[in-house]
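In what follows, chains are A, B, ... by sequence order, proteins preceding strands, each numbered from 1. Source: prediction; values computed, not measured.
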Amino acid sequence: PDLESRLRKFQSEAISHIESLLRTAVRVLGRSQDAEDVVQETYLRAWRYFDSFETGSNCRAWLFRIMFNVIGVKRKKDSRVATAPLEEHEEAGTGSSNVVFLDPLKRIEGREVLDATTRLSEEHRSVLWLVVVEELTYKEVAEVLEVPIGTVMSRLHRARRELRKRLTTGRAGGAGA
Amino acid sequence: MNCDEANDLIQLYMDNELDAQTTLRVRDHLDLCHGCSGLLDAYVRQDSLLREEAGREPVTSDRLRKSVIDTLERESARPGKQWRSLLRAAAVVVVLGSVLVYLLMPDILTPGATVCALAASDHAGHCSLDARWKGITDEQELAVLARSYGLAAGVPDLSNFGFKQPCGRLCRLRDSNYLHIVYYATGQESLSLFARGSASAAGDLDLILREQLGYRVVIATGSSREMLIVTSRDEKAATDIARTVWTRVATAKNKSRVAANDSGRGFHPTVASNPIFGGVALASLELNRR
C-alpha cells in the first residue's frame with residue numbers, strides 16, 4: 001500500500017510534466033528517439049530519488065534538472081548527440097496565421113522563429129527554451145543546468161540577440177508568403 | 001541611464017528579473033527612448049511568437065506516458081523478486097570485495113603504492129558514477145581550484161591527446177586531499193589527473209609508472225607538487241601525457257600556495273572519501289542503480 005500510494009503520488013505530481021520534458025528534449029537534442037530515451041531515463045531516476053523531492057517545491061524544475069543531467073551523461077557517452085546548432089529537420093510551415101511584424105519592414109512567421117532556434121548552439125537553445133517556452137526563472141534555469149545565474153543571463157542575452165539577427169538580416173523588405 | 005545601459009538590462013526587465021529601483025530606471029528610459037522601447041517590443045514579440053508556436057507543435061506523449069508508467073509499475077512491483085536481486089547483488093559485492101582485497105593486499109602493505117591503487121579505483125568509480133556526483137565544469141572555477149592544488153598554470157589542456165571537457169572534484173586518497181580532474185574523450189576511455197601541492201616533493205621531476213586494476217598510473221613528483229595520471233592508454237602514451245602535463249603545469253612559476261591537504265583544510269568543504277575498500281563501495285553503488 002505504501003508503494004502504491006507513492007506511485008500514485010508520483011504519477012500525479014511528476015507524470016503530468018511529461019509533455020514539457022519531451023518537447024524540450026526534442027528541441028535540445030533534435031531527434032525524437034533520443035528525446036524519448038532521455039525522458040524515459042529521467043522518469044526512472046526521478047522515481048528512484050522521489051523520496052528526496054520536497055513536496056510543494058517546483059517538481060517541473062526538479063525534473064528538468066534531472067533531464068539535463070541525463071542529457072549531459074548521454075552527450076559524454078554518445079558523440080552523435082549534437083551540441084552544435086541542429087540541422088533544419090523540418091520545413092518551415094506555410095499558411096501559419098501566427099504572423100507578427102518583428103521589424104517594420106519585415107514579416108516573420110511563428111514557424112520561422114521556431115525553426116531559427118535550431119541554428120543556435122545547444123547552450124543558447126536550452127536557456128532560451130527554458131526561460132521563454134517553459135517559463136522558468138533565471139534561478140531555476142541556473143539550478144537545472146548547474147551553471148551560475150550570470151551564465152544563464154549572458155547565454156539568454158546572446159540567444160535572443162542572435163535569434164533576432166537571424167530573423168531580420170538577409171531578408172528582402174516586405175518579403176511574405 | 002543611457003541606451004547602452006538600457007540595452008544590457010532590457011531582457012532582464014522583460015523577464016522581471018530586476019530589482020524595483022532598476023526596473024523604474026529602465027522604465028523611465030523606455031518612456032523617453034523610441035529606439036530602446038522598439039527593441040523591447042521586438043524581443044517581446046519574438047518571445048511571444050516562439051512560445052505560441054512551441055505550444056502548437058504536436059508532441060506525441062501518450063505512448064511514452066504509458067511506457068513510463070508501465071516501467072515504474074514493474075520497477076516497484078514484486079518485492080520478493082527485489083529481495084532476491086538484493087541478495088544476488090550482495091553476493092557479487094562480497095566476491096568483488098574479496099578479489100579487490102587480494103589484488104590490493106601487496107599495495108596495502110606498501111604505503112606509496114596504496115595511493116596509486118586508490119587513484120585507480122577512484123578513476124574507475126568517478127567515470128561510471130559521473131551522472132550522480134556533481135563535478136565542477138566551469139572553466140574559471142576549475143582554474144582557481146587547479147591553482148590551489150599545485151597546477152600553477154591552471155587546468156592542463158590535453159586536447160592534442162583527444163581529451164577534453166575536464167570535470168573536477170576533490171577526492172581523498174589515503175590521508176591527503178587531491179584535486180581529481182576527469183578528462184573525457186570520444187571513442188576512448190576517460191583519463192584522470194590527481195594533483196596536490198606537496199612541500200615534501202622537492203627537486204626535479206621524478207616519474208614512476210605502475211599498473212593498477214588494468215590501468216596505467218604515472219606518479220609524477222617534484223617542484224613541490226604531486227600528480228597521478230590514470231589512463232587505459234599504453235605505457236608510452238601514459239608517460240608522454242604525464243610529461244606533457246608536467247611541462248604545461250610548470251609554465252607559470254610555481255607561485256601556488258601548497259594546499260594544506262594534510263591538515264584537512266582543503267579548498268572546498270565537500271570531499272568524496274575513498275576508504276581502503278572504496279572500490280567495493282563504488283561497485284555496490286553501481287549494482288544497486290539497476
Heavy-atom contact with chain B under 4.5 Å, split by part of [X]:
X	result
V131(A)	side chain
S32(A)	neither
E135(A)	side chain
L7(A)	side chain
Q11(A)	side chain
L21(A)	neither

Show your reasoning for whether side-chain contact (heavy atoms from CB on, under 4.5 Å) applies to E146(A) and T137(B).
CA-CA 9 Å; E146(A) 297 181 332; T137(B) 52; over 6 Å; no

Do [X] and [Y] touch side chain to side chain, with heavy atoms closer than 4.5 Å?
X	Y	result
E17(B)	M153(A)	no
V133(A)	L50(B)	yes
V132(A)	Q46(B)	no
T71(B)	Q40(A)	yes
L12(B)	Y138(A)	yes

Under 4.5 Å heavy-atom distance to chain A, tell me which part of D62(B) shows up: side chain, backbone, both or neither.
neither

Report the option among E19(A), R160(A), R161(A), H157(A) that has the most heavy-atom pairs separated by less than 4.5 Å from atoms of chain B.
R160(A)

Measuring from [X]:[atom1] to [Y]:[atom2], what's the distance to the nearest 0.5 Å?
X	Y	atom1	atom2	result
I18(A)	L64(B)	CD1	CG	4.0 Å
L49(B)	L114(A)	CG	CG	10.5 Å
R65(B)	S16(A)	CZ	OG	7.5 Å
I69(B)	W47(A)	CD1	CH2	11.5 Å

Provide the closest heavy-atom pair for [X] versus [Y] in the form atom of the first, atom of the second, distance.
X	Y	answer
A42(B)	R164(A)	CB-NE, 3.5 Å
P148(A)	E141(B)	CG-OE2, 4.5 Å
Y43(A)	V68(B)	CB-CG1, 3.6 Å

